[in-house]
Amino acid sequence: MLQLHFTKDALPDSVSNDFQTLNKFSEQQFVSLTELLYQFLLEPKESEQFLAQLSEFAGEHGMGAGPLRGLMKSILLLPHGALKKNLTAEQVKEDMLSLGLNEDKATHFSDQWRVHYPVLSRLAVGQTLMVNQLVDMEWKFGVTVGTSELQKAGNIFLQLKLVVRKGNTTENVYIELTLPQFYNFLHEMERAKASMDCFS
């Protein structure tokens, strides 16, 4: 089994076959295809335009549009996984070589990754934050006074009420945390804030 940076899951053989198929493309065809792919990654809402450009590319180079779309679907797995795992250009190149892409093409793709990664990363953070936007938060500390379990008496807990915007509606999310869980949560929030401050 291949050891890849962008995913820990086993990939179907068709994915590595698709990467090896890219070796059959001329240098110019590969550069054009890479350009289309990064353009789509930068503007993911333009899927209609992306599919039209792929069909046009297939027509110009005497290929079937369906197989080319299937090929691109496999290729897109790598940048999507690489974004989730914050991979460097070198790690992206290693993965492409492991999947069977030749050195020159892997170098070109990873160079483009190095150029586009800051914007792609910012877009990914923006999309993640827009999925569930935090609107308001209320909190209360409490102490467990009476319980059937002796060890739990005197424990400090925190109750959080998060108001989250999902689309056009808001939803209340309730969480109860022990003191160690709260400190862990606080630490994660501080790390997230530090990461977001890097992008602003």
Side-chain angles (χ1 to χ4, degrees), residues 1-132 166 188 191-192 195-196 198-199:
M1 194 176 95
L2 291 173
Q3 288 285 36
L4 299 166
H5 298 289
F6 81 93
T7 183
K8 298 291 175 231
D9 301 331
L11 292 172
D13 291 338
S14 61
V15 174
S16 57
N17 291 342
D18 286 339
F19 274 90
Q20 290 162 25
T21 301
L22 286 175
N23 291 325
K24 297 176 185 171
F25 285 73
S26 71
E27 202 61 43
Q28 185 52 48
Q29 288 173 329
F30 182 77
V31 167
S32 299
L33 212 52
T34 304
E35 212 172 279
L36 289 178
L37 183 131
Y38 277 106
Q39 191 177 329
F40 173 65
L41 288 171
L42 292 167
E43 297 175 33
K45 290 181 180 147
E46 300 296 330
S47 57
E48 295 288 326
Q49 180 185 340
F50 178 60
L51 292 173
Q53 289 171 326
L54 284 181
S55 296
E56 187 181 319
F57 181 91
E60 285 174 11
H61 300 285
M63 304 171 197
L68 183 62
R69 279 197 292 269
L71 176 84
M72 291 306 278
K73 198 173 177 182
S74 292
I75 307 308
L76 279 166
L77 290 173
L78 194 142
H80 284 284
L83 264 177
K84 287 179 187 169
K85 305 259 180 170
N86 291 324
L87 298 187
T88 64
E90 286 70 30
Q91 290 170 315
V92 168
K93 182 178 176 181
E94 283 173 28
D95 279 359
M96 295 197 100
L97 292 171
S98 297
L99 288 164
L101 195 66
N102 71 35
E103 179 82 26
D104 291 343
K105 290 184 169 102
T107 300
H108 174 74
F109 193 92
S110 63
D111 287 346
Q112 290 302 304
W113 178 258
R114 186 177 289 112
V115 169
H116 294 295
Y117 178 73
V119 176
L120 290 172
S121 177
R122 209 169 302 130
L123 282 171
V125 167
Q127 287 171 345
T128 304
L129 294 176
M130 289 313 288
V131 170
N132 293 323
K166 291 189 174 183
E188 291 300 318
R191 281 182 54 203
S195 295
M196 287 171 39
C198 289
F199 294 119

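As the structure is a prediction and not an experimental result, all values here were calculated from the model.
Distance NZ/K93 to OG1/T107: 3.0 Å, rounded to 0.5 Å. Separation of atoms CG (N102) and CZ (F30) is listed at 8.0 Å; rounding is to 0.5 Å. To the nearest 0.5 Å, the span separating CG on L101 from NE2 on H108 amounts to 10.5 Å. How far NE2 of H116 is from CG of L123: 12.0 Å, rounded to the nearest 0.5 Å. The line from CG of L99 to CZ of F6 is 5.5 Å long, rounded to the nearest 0.5 Å. With values rounded to the nearest 0.5 angstrom, D95 atom CG is found 10.5 Å from W113 atom CH2.
Shown here for R114 and A89, the closest heavy-atom pair between the two residues is NH2-CB, 3.4 Å. Closest heavy-atom contact between L97 and A106: CD2-CB, 3.8 Å.
A donor-acceptor contact shorter than 3.5 Å links the side chain of K105 to the backbone of F25. Looking at Y117, its side chain never comes within 3.5 Å of a backbone N or O of L83 through a donor-acceptor pair. Judged by distance alone, with hydrogens and angles left aside, the side-chain atoms of S121 form no donor-acceptor pair with the main-chain N or O of P118 at under 3.5 Å.
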Could you list the donor-acceptor pairs under 3.5 angstrom formed between side-chain atoms of residues 47-59 and any protein atom two or more places apart in sequence or on another chain?
from, atom 1, to, atom 2, distance (Å)
S55, OG, L51, O, 3.1

Table please: side-chain donor-acceptor pairs of residues 61-81 below 3.5 Å, with sequence neighbours left out.
from, atom 1, to, atom 2, distance (Å)
H61, ND1, Q29, NE2, 3.0
S74, OG, D18, OD2, 2.5

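Atom NZ of K84 has 12 or fewer heavy atoms from other residues, nucleotides or ligands within 6.0 Å. Other residues, nucleotides and ligands contribute at most 12 non-hydrogen atoms within 6.0 Å of the CD atom of E35.
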Please assess L120 against Y38 for the test side chain to side chain contact (heavy atoms under 4.5 Å, CB included), listing each intermediate value before the final yes or no.
CA-CA 9 Å; L120 290 172; Y38 277 106; 4.2 Å; yes
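Residues forming a side chain to side chain contact (heavy atoms under 4.5 Å, CB included) with Q91 (at least two apart in sequence, or on another chain): H5, L87, T88.
The pair E188-R191 meets the salt-bridge criterion, with a side-chain N (NZ, NE, NH1 or NH2) lying under 4.0 Å from an Asp/Glu carboxylate O.
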